[in-house]
Protein chains: 4
Amino acid sequence: MLSTDQPVTSRNAEKYDAILEEAIRVFAEVGFRNTDVQVIADKAGVGKGTVYRYFGNKEDLFWAACFSVMERLGNHVTRAVQGNHGALQTLRMAGMAYAEFFENNPHYLDVFVQDRAEFRGAAPDSHKQFQQEILQVFALVIERGIAEGEIRPVDAHKTITAMASMFYGTVNFACYVKDRYRLSELAEHGLNLFLAGIRQDRSDAVKDSDQ
Amino acid sequence: MLSTDQPVTSRNAEKYDAILEEAIRVFAEVGFRNTDVQVIADKAGVGKGTVYRYFGNKEDLFWAACFSVMERLGNHVTRAVQGNHGALQTLRMAGMAYAEFFENNPHYLDVFVQDRAEFRGAAPDSHKQFQQEILQVFALVIERGIAEGEIRPVDAHKTITAMASMFYGTVNFACYVKDRYRLSELAEHGLNLFLAGIRQDRSDAVKDSDQ
Amino acid sequence: MLSTDQPVTSRNAEKYDAILEEAIRVFAEVGFRNTDVQVIADKAGVGKGTVYRYFGNKEDLFWAACFSVMERLGNHVTRAVQGNHGALQTLRMAGMAYAEFFENNPHYLDVFVQDRAEFRGAAPDSHKQFQQEILQVFALVIERGIAEGEIRPVDAHKTITAMASMFYGTVNFACYVKDRYRLSELAEHGLNLFLAGIRQDRSDAVKDSDQ
Amino acid sequence: MLSTDQPVTSRNAEKYDAILEEAIRVFAEVGFRNTDVQVIADKAGVGKGTVYRYFGNKEDLFWAACFSVMERLGNHVTRAVQGNHGALQTLRMAGMAYAEFFENNPHYLDVFVQDRAEFRGAAPDSHKQFQQEILQVFALVIERGIAEGEIRPVDAHKTITAMASMFYGTVNFACYVKDRYRLSELAEHGLNLFLAGIRQDRSDAVKDSDQ
DNA sequence: AATGAATGAGCATTCATTCAT
DNA sequence: TATGAATGAATGCTCATTCAT
């Protein structure tokens with residue numbers, strides 16, 4: 001499951017996890033550049049040298065943190081859409097799960113923000129691949145929806161990308177309007193409008209769109 | 001037009017502008033934390049002390065850069081929607097102008113990203129106010145569209161916030177899928193779906209939605 | 001009266017005095033190294049360039065401040081011993097005047113302290129000369145006292161130097177014991193003991209020595 | 001013996017001492033404000049980071065240097081008065097030891113001067129306490145001298161403070177008259193006069209007063 | 001003569017990384 | 001294998017001095 005291949009002969013999984021967990025927390029809290037590796041080591045209860053032995057360098061530690069968060073997000077969303085549902089319903093559940101994930105774990109979001117800011121999408125291939133796999137899963141959901149007549153005939157992949165962008169934007173933008181809207185509130189509203197836009201039959205669109 | 005009032009007795013507008021311009025460029029290029037003020041000074045052709053005389057400190061310089069980009073974005077979008085158009089058409093023009101702005105000036109986007117990452121939306125009030133004013137303008141457009149029967153009866157402010165979030169997300173997310181889609185392509189697709197979701201009459205929705 | 005000879009063609013005495021006055025105050029308050037010439041200029045109500053036109057550079061300004069304080073001290077002590085008094089009485093009056101001068105104007109003392117710390121007695125000759133002249137005056141007082149049988153036959157110049165050292169030390173050391181003794185209290189006690197040590201006739205020494 | 005407790009997990013005593021030694025030298029040589037910590041690090045043969053690891057910051061390093069000098073002075077004087085001597089003799093030995101200490105190590109004096117100039121007696125409590133302890137030791141010597149009839153009945157603590165002030169002043173003032181007197185010469189003269197002023201029986205005073 | 005805008009050398013402090021133990 | 005002491009490159013900011021106006 002782990003993508004990085006350190007020249008490490010033996011590993012203590014507990015220490016590894018502890019470091020990773022604290023890394024996520026600290027990177028999120030103070031940002032990549034402001035993070036002092038010593039702090040992570042201290043919080044994880046290991047020596048600084050151990051952090052370097054396990055993760056190579058600060059940047060790779062950050063990537064590992066990112067990847068871990070991405071996995072957790074993937075797992076969370078995947079679990080949320082378990083079961084047989086219509087395509088639209090699946091998309092709705094996925095979207096809300098995505099928003100909840102970040103609403104409940106704001107520091108996870110901050111890791112992504114750091115990633116975007118510091119490395120402009122220059123993530124390791126493993127990350128991109130993981131991301132693409134997730135998108136692909138839901139592109140298939142859209143195609144199924146189209147096939148079943150629930151969704152208008154749209155470019156499935158482009159549409160799921162647009163939807164992902166919207167959610168990505170919502171969770172990020174929410175901090176600017178947090179005095180007025182909760183994240184999940186904003187996410188749901190956007191979701192309603194977006195789904196209304198792709199559904200085949202508009203007659204039932206009104207009911208889940210507020211007002 | 002400028003909101004910051006430094007304790008500067010007199011200003012040379014050319015130097016001020018040169019510094020600001022290079023600050024935007026450098027902050028965008030290497031990020032806030034990685035930016036060496038000396039580099040900005042050098043590129044602007046002034047002494048480092050002059051940068052500090054004009055902008056106080058690195059953080060304030062960054063805020064000035066952010067604000068300037070925000071103004072430019074505001075001006076660009078405002079100019080794009082000049083003239084009498086239907087509400088939906090106005091929203092479309094605004095959205096596309098927004099996307100174009102960042103597609104043509106990728107470094108402007110990076111300034112915003114830095115802002116989000118380093119300061120988590122803790123911008124000066126002047127920035128937030130400016131942002132709110134822009135949102136308000138387009139909330140009114142939506143209300144007009146509702147009044148004219150072009151747009152479904154939705155919460156105008158929440159809807160424009162959701163739309164802004166979507167665009168914010170699109171321009172930010174684009175870097176992750178740039179191998180597959182151009183920013184404007186993604187923006188247009190999202191825009192079509194979103195507008196389809198809010199338009200009153202779906203019969204004409206198909207025409208501007210792809211396929 | 002002024003010792004420094006600047007290449008200044010014309011001078012405005014009021015500005016000159018204002019700068020000097022503020023220089024004494026600021027140097028005393030924050031120390032030579034911590035003094036920002038701009039602050040002196042601002043407080044004196046002149047441009048920074050003017051300070052440099054009048055005093056050449058920061059160090060010379062400092063020397064001028066020192067010299068001015070030295071003059072004031074000299075004047076104060078000289079005035080205090082006006083009139084015909086016995087030698088011991090004259091020394092006593094001078095000593096107490098010296099202590100009072102610094103007790104009433106603590107910032108004057110700080111200028112001397114800065115001088116000692118920053119330049120280790122490397123004052124311009126004009127300063128040393130002034131200092132020697134003062135010492136000489138009181139060396140003569142001691143010689144008079146010896147001649148008149150009031151003072152034991154001691155090396156007059158060495159003795160006045162020792163006495164000056166004692167007072168220099170007292171006003172400087174006082175800050176370390178200020179919780180326990182006032183400066184003038186400490187000065188008087190030292191003075192009593194010292195004078196007792198040089199007076200010819202010890203029978204009258206007891207009266208001015210405490211207890 | 002050392003009072004400062006840095007947040008340092010382990011110390012290399014040699015490096016610690018080397019840094020402290022060079023700090024004393026450099027602070028004395030160029031003054032606190034003019035001291036570049038890099039220079040101390042270089043002279044001590046350690047990295048700059050090591051200086052900070054051991055002493056926290058420049059100011060604390062300075063205090064450690066001051067305290068160390070104070071300890072050395074205390075040790076030197078204490079050693080000098082070992083053995084059974086009369087009170088006056090003990091005071092004389094202490095005074096001369098004090099003067100010798102600074103005459104032989106002029107840079108030690110400069111550290112104290114810096115302290116006085118930069119921090120106006122705002123030393124850490126540990127320093128003040130150390131100082132008071134020393135004064136107290138000699139206040140007891142004076143009281144013993146009074147009890148044994150060697151010294152006139154004076155306020156012992158005030159008198160030792162005055163004597164300390166005199167010596168403090170002498171070692172500091174000496175630089176201004178170094179062309180004429182050596183420090184120890186001046187100190188001895190002052191000492192003679194001072195002791196003459198406090199001794200009970202003047203008949204034997206003449207012998208140790210010069211001329 | 002008077003000014004104050006412009007400059008850049010200078011310095012305290014931090015922290016990623018290494019490597020001896 | 002694990003550690004943390006040691007390092008030195010990197011950088012924000014200040015301020016004495018100059019000089020064009």
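Below, chain A is the first sequence line, B the second, and so on; all start at residue 1.
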(request) Quick one: list whatever passes side chain to side chain donor-acceptor pair (under 3.5 Å) with C:Glu22, sequence neighbours left out. (result) none
(request) Please state how far atom CZ in D:Phe55 lies from atom P in F:dA6, giving the value in whole angstrom units. (result) 12 Å
(message) List the residues meeting side-chain contact (heavy atoms from CB on, under 4.5 Å) with A:Glu118, not counting sequence neighbours, and say none if there are none.
(response) A:Phe32, A:Arg33, B:Asn34
(request) Check the distance between F:dT3's C1' and A:Asn12's CG and give it to me in whole angstrom. (result) 14 Å
(request) Between C:Glu59 and A:Gly45, name the one whose nearest nucleotide on DNA chain F is closer to the 5' end. (result) A:Gly45
(request) Could you tell me the separation between the CG atom of A:Leu61 and the P atom of E:dT17, rounded to a whole number of Å? (result) 10 Å
(message) For C:Arg72, give me all partners under side-chain contact (heavy atoms from CB on, under 4.5 Å), at least two apart in sequence or on another chain.
(response) C:Glu21, C:Ile24, C:Ser68, C:Phe101, C:Tyr108
(request) Using the side-chain hydrogen bond (donor to acceptor under 3.5 Å, both in side chains) rule, collect all pairs that involve residues 39-49 of chain B, keeping only residues at least two apart or in two chains. (result) B:Gln38-B:Asp42
(request) Take atom NZ of D:Lys15 and atom P of F:dA5, then tell me their distance rounded to the nearest Å. (result) 11 Å
(request) Round to a whole Å and report the spacing from CZ of D:Phe32 to C1' of E:dA12. (result) 10 Å
(request) Please work out the stems of DNA chain E from pairs that are Watson-Crick or G-U wobble with both distances under 3.5 Å, keeping only runs of three or more consecutive pairs. (result) E:2-21 with F:2-21
(message) In whole Å, I'd like the distance from the CG atom of C:Asp42 to the P atom of E:dA2.
(response) 17 Å
(message) My understanding is that only residues two or more places apart in sequence, or in another chain, count here; which of them pass side-chain contact (heavy atoms from CB on, under 4.5 Å) with D:Pro106?
(response) none
(message) If you only use heavy atoms from C-beta on, which nucleotide in F:dA2, E:dT7, E:dT18 is closest to the side chain of A:Tyr52?
(response) E:dT18
(message) Under 4.0 Å from OP1 or OP2 of E:dT7: is there any side-chain N or O of B:Arg53 that close?
(response) no
(message) In this structure, how many angstroms lie between the P atom of F:dT17 and the OH atom of C:Tyr54, rounded?
(response) 19 Å
(message) So B:Ile40 and B:Leu61, do their side chains get closer than 4.5 Å, heavy atoms only?
(response) yes
(request) Please list, chain by chain and in numerical order, all residues satisfying side-chain contact (heavy atoms from CB on, under 4.5 Å) with A:Asp115, sequence neighbours excluded. (result) A:Phe62, A:Trp63, A:Cys66, A:Phe119, B:Tyr176
(message) Would you say CD of B:Glu14 has more than 12 non-hydrogen atoms from neighbouring residues, nucleotides or ligands within 6.0 angstrom?
(response) no
(request) Keeping the roles fixed (side chain from A:Tyr52, backbone from A:Lys58), state whether a donor-acceptor pair exists under 3.5 Å. (result) no
(request) Round to a whole Å and report the spacing from CZ of C:Phe62 to P of F:dA16. (result) 14 Å
Can you check nucleotides 8-11 of chain E for protein contacts, nitrogen or oxygen pairs under 3.5 Å, and list what you find?
from, atom 1, to, atom 2, distance (Å)
E:dG8, N7, B:Gly49, N, 3.3

